[in-house]
There are 2 protein chains.
Amino acid sequence: MPITWNQQLVKKENKSLVLSQIINHAPLSRADIAQRSGLNKGTVSSLVAELIEEKLINESGPGESSGGRRPVMLHFNHGAGHTIGIDLGVNYILGVLTDLSGNIVVHKNEAYKNISYADTISRVVNIIKFLISAAPPSPYHIVGIGVGTPGIVDNKGTLLLAPNLGWHDIPFQTELEKIFQIPVIVENEANTGAYGEKRFGVGQHADNLIYISAGIGIGAGIIINGELYSGFTGYSGEVGHMTIDRNGAKCTCGNKGCWELYASEQALLSKANTKNSPKEVGLDDIISLAKEGNKEILETLAEIGENLAVGIINIIHAFNPEQIIIGNRLASCKQWLEPKVKEVIQQYTSPFNQTDIRIDFSSPSMPVSAIGAAAFSAEAFLKAQLEIK
Amino acid sequence: MPITWNQQLVKKENKSLVLSQIINHAPLSRADIAQRSGLNKGTVSSLVAELIEEKLINESGPGESSGGRRPVMLHFNHGAGHTIGIDLGVNYILGVLTDLSGNIVVHKNEAYKNISYADTISRVVNIIKFLISAAPPSPYHIVGIGVGTPGIVDNKGTLLLAPNLGWHDIPFQTELEKIFQIPVIVENEANTGAYGEKRFGVGQHADNLIYISAGIGIGAGIIINGELYSGFTGYSGEVGHMTIDRNGAKCTCGNKGCWELYASEQALLSKANTKNSPKEVGLDDIISLAKEGNKEILETLAEIGENLAVGIINIIHAFNPEQIIIGNRLASCKQWLEPKVKEVIQQYTSPFNQTDIRIDFSSPSMPVSAIGAAAFSAEAFLKAQLEIK
DNA sequence: TTAGTTTGTCTATTGAATAAACTAAGTTTA
DNA sequence: TAAACTTAGTTTATTCAATAGACAAACTAA
C-alpha cells in the first residue's frame, strides 16, 4: 500500500527538517530556523519544544543580539546516545564508539594473523562488549551497531562470501542482533567507507561520489543523490572484478584480466616482491623504500597508479560522478600514486568529464569505514525516533 | 531553501497518488481507490472531482455490482493532451505523436544519408510541425516535446558532442523551445531508450535496470529506483568507452581497447566486411546470411555476443541491476547473440549475481527511444499540472 | 527616556484528512 | 415481492497541524 499523506506525516517531516537544520548548522535560534526553513515561527517553536522534550536538542545560553532581544541558541544533543562502528578487516578489527554526530569517544584496535572464524567472531563480540561498557551514560544509551566487512553482503546483512577471510554465508546481522538486542547494520566495507567519506571525510560536499576501496582487493561504494546505492540485491560496487584486459592473467574469480589483479595492494605487493626477491616486503617497507627514492619501487608505484586510473576512467564513464575518492590501504601511497592517476585520467577522459570531476584520496588517519558504519546506525536511530508518535 | 510540508503539499501528493492509481490500474471506482490507497472515501471523492474538473480523468458507465450499488468506473483521460517524441538517429529521424499514456497516435519516419547540420535541424522542425498539425483536438493540446539523440547531452539539454553526427555544442533544447514555445526535453538516446523500456517495454517490472543501446556506438541508460540516473552533469552511461582490453586497438576517443570497438554494430560490420570482401554488407545482409546459416557470419555473431557479454559483466559487477536490456540495432540479431551472451555471463559472474539478474533484448518493432522521450515530456506535464494551485 | 528591533509565544483562522452518518442503488433471502 | 443486506459514493462534524498576526519580552540606539 502506498504512503498517504496526512498531517501526522507533515509534522514528522517538518520536525525532521528542523532537526537536520540544527544538526548541520548549529548553533541556531528558533528565529534562524524559521527563516532558513520557511516554516512559521510558531511552528518552529512547537517542534523545537518536542525535540527538547525528547532530549535530541539542547538550549544553550543566549547568543549575540543583533539589535533586539537576544536569541536562545539551540544545539544538537550529540550525547543523547551512542553508536558502535566496527571495521572488520582481513587481519584486524577496528571498533569505535561514537556519539550521534560521529565523534569518536572510545576506540579499540586489534591486529592478528590467521585466526579461525569462531575466534574472529568472539573478538568482535568482545570489542563490542567493551565499547558498550565504556559508553558514557546517556538518555538513549547504545542505539545501534554498524559493521563494515570485506566481501559480498546481501540486503539482509548476511555475508554471502568473503574470499579474503575464507568465509561464506554468515548471517552476521541476525546473530549480532540476537546477542545484543540492538539494531545492527552490516554492509560491505566499501559502502561504509563511502558513507564515512560522505559524512565526515573529503566527500562532504558531493552528492554523487564513488569511493574506491583499494586494499587486498578492490571494491567501490556508490553514493547517488546523497544516498548509498547498494544495488538491487546489495552486491553493487564489485568493480575489482571488472575486466580491463580480456586477454590478461587469470583471476581467482574465474574470469581474466580483472582490475584488482593490476591495481590493488595485492598487485603492488606481488610486483614489489618479484623485483626484490631477497626478503618479503610489506606495504610499510614499500613506503619506506619510496621515501628513500628507490627507483624500482617508484616505477612499480607509477605502474599501479596507471592501472588504478584505467579502472577509474571506466567508472567515470559509467557513472559520471561528481567526485572519486581513493581509500583504504593504497591511500597511504597517495604521494606517489596521485600524480600518475591524475595524469592518466586527464589524458583518457573527455574534456567534459575532466572539468567537473574531483579526484581525492582518503586521509589515512581517519577510520572512515568504522565511523561510516556507526553513522549508518545513528541515522537509522534518528529516523526511527522521529517516526514514533 | 528546503521544502516545508503543509496541507497544500499533502493534497498535491495525495492527488498525484490518486491519479497514478488510475493511470496504472484503470478502470477503478472511487471505492477501489480508497481501499488500495488507504485514503478516506470522502477524500478520494473530492480529489477525483478535481481531477475530473481538470479533464485528467473521465467517468465511464457503471461497472459490475458485487452485491450492492454499482460503482462508477474512472479512467485516465489519455487524450487530455499529446506529446511528441523524436528519435534522432545518425541517418534517420523517427517522430511520434503519443497520447498521455504513450500510445502512438501518428508517426513519421525519414531516412537520409550525409546531410548537413542545418538540413537535419530543419527536417526535425518540419516533422514536429507535421505532428503538431496532425494532433487531434484536446483540452491541453501539445504539452511537450522530447528528443533522444546520440552523443553527450548535458543537464540543460545542450548536445555537447555527437561524433557520429559530426556535431558539437548544439543548444537543442533552448532552440526548439524558442521555436515551439512548449517545454522541450533533450536527452541522450540511451537514456530515452531506457525510460521507454521501463515504461512500455520489457523493463516494466524492474526498478533498477540498465539499458544498453548497441548501435554504431554503445551507450547505456541507467534506471535506479525507478528513475533515470543521468549522472552529476548528465554524461553517465558512456560505457562504450569502457576499457576492456587495455592493450587493444586504438579508439577514436584516444583510449585503447574500448568496448564499442568489439561489441557494437560498427564492430560487427567491420568484421563481416573484412571476411566477405567482394561487396559491402550491411546489417540486413548479415541477418539474411545468418538465416541462411552462413558459417563465417554465425561465427562473427558469436564473437560479438561474447564481446558484448564481457562489457555487460563489468556493468553487472558495478551496478548489480535487476535487469539488463540490450537494445538498438544489435537487438535485431537477438536470435544469434542471446545464447552466447547468456552463456558467457553465466560463466563469468558469481552465482549470487546470476540468480537474480534478467537479461533481455528490446523488441525491435517498438520505437523505445522515441516513445521514451515522449513519455518524459508527458510525465513532466502531469507533474507540473498537479503543481498548479 | 523613548523609539525601534528582534526573539519567542499565544490565539484565531484556515484547510486538509478523517470518522461516521447518510443517501443511492443495487443483490439476496425468506 | 417485500424485507434485509451490501456496496458506492456524498455530506457533515471533528481533528490537527500550519499559518498570520497580535503580543510580550528583552534588547539596542538615539
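Chain naming here is simple, since letters A, B, ... match the order of the sequence lines and numbering starts at 1 in each.
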**Prompt:** How far apart are the C-alpha atoms of A:Thr233 and B:Asn320, what are their side-chain angles, what is the distance that settles it, and do they pass the side-chain hydrogen bond (donor to acceptor under 3.5 Å, both in side chains) test?
**Reply:** CA-CA 7 Å; A:Thr233 42; B:Asn320 177 225; 3.0 Å; yes
**Asked** Taking atom types as modelled, is there a side-chain donor on A:Tyr195 or A:Glu379 under 3.5 Å from an acceptor on the other?
**Response** yes
**Prompt:** DNA chain C: B:Val10 or A:Ser45, which has the more 5' nearest nucleotide?
**Reply:** A:Ser45
**Message:** Expressed as a whole number of angstroms, how long is the span from A:Asp32:CG to C:dT5:P?
**Reply:** 19 Å
**Message:** Let's see if you can work this out: which of D:dA8, D:dT15, D:dC27 has an atom nearest to the side-chain heavy atoms of A:Gln7?
**Reply:** D:dT15
**Message:** Quick check: do A:Ile142 and A:Ile84 have side-chain heavy atoms less than 4.5 Å from each other?
**Reply:** yes
**Request:** With rounding to the nearest 0.5 Å, note down the distance linking NZ in A:Lys383 to CG in A:Leu19.
**Result:** 14.0 Å
**Request:** State, with a plain yes or no, whether a side-chain heavy atom of A:Tyr211 is found less than 4.5 Å away from one of A:Ile223.
**Result:** no
**Stepwise side-chain contact (heavy atoms from CB on, under 4.5 Å) check, A:Ile52 with A:Glu59** = CA-CA 8 Å; A:Ile52 290 175; A:Glu59 284 183 329; 3.7 Å; yes
**Request:** Looking at every strand, decide which applies to A:Ser29 at a 4.0 Å heavy-atom threshold: base, sugar-phosphate, or nothing.
**Result:** sugar-phosphate
**Request:** Choose from C:dA16, D:dG9, C:dT9 the nucleotide whose nearest atom is closest to any side-chain atom of B:Val72.
**Result:** D:dG9
**Request:** Mind checking B:Thr43 for me? I need base, sugar-phosphate or nothing, with any heavy atom below 4.0 Å counting as a touch.
**Result:** base
**Complete:** Picking from D:dA20, D:dT7, D:dT10, the nucleotide nearest the side-chain atoms of B:Ser66 would be D:dT7
**Prompt:** Counting just side-chain N and O atoms, does A:Asn14 come under 4.0 Å of either OP1 or OP2 of D:dA18?
**Reply:** yes
**Prompt:** How is B:Val44 classified with respect to the nucleic acid when contacts are heavy atoms under 4.0 Å: base, sugar-phosphate, or nothing?
**Reply:** nothing
**Asked** Considering the terminal five base pairs at each end of the helix from C:dT1-D:dA30 to C:dA30-D:dT1, what angle separates the two local helix axes, rounded to 10°?
**Response** 10°
**Request:** Mind calculating the distance between NZ (A:Lys41) and C1' (D:dC23) to the nearest angstrom?
**Result:** 10 Å
**Asked** What is the distance from CD1 of A:Ile33 to P of D:dA18, rounded to the nearest Å?
**Response** 14 Å
**Item:** Separation of atom NZ in A:Lys11 from atom P in D:dA18, rounded to whole Å
**Value:** 7 Å
**Request:** Keeping the roles fixed (side chain from B:Gln204, backbone from B:Gly201), state whether a donor-acceptor pair exists under 3.5 Å.
**Result:** yes
**Message:** Could you tell me how far apart B:Leu28 (CG) and D:dG9 (P) are, to the nearest whole angstrom?
**Reply:** 11 Å
Below 3.5 Å between N/O atoms, which protein atoms pair up with nucleotides 24-26 of chain D? Just atom names and distances, please.
from, atom 1, to, atom 2, distance (Å)
D:dA26, N3, A:Arg69, N, 3.3

**Message:** Between B:Phe319 and A:Phe232, is the ring centroid distance below 6.0 Å?
**Reply:** no
**Request:** Report the distance from atom NZ of A:Lys15 to atom C1' of D:dA18, rounded to the nearest whole Å.
**Result:** 15 Å
**Item:** For atom CG of A:Leu47 and atom P of C:dG8, their distance in whole Å
**Value:** 15 Å
**Item:** Side chain proximity check, A:Glu54 to A:Lys15, heavy atoms < 4.5 angstrom
**Value:** yes
**Message:** Can a side-chain donor-acceptor contact be found between A:Thr98 and A:Thr83 if the only test is distance below 3.5 angstrom?
**Reply:** yes
**Message:** Rounded to whole Å, how long is the line connecting atom CG of A:Asn40 with atom P of C:dT13?
**Reply:** 16 Å
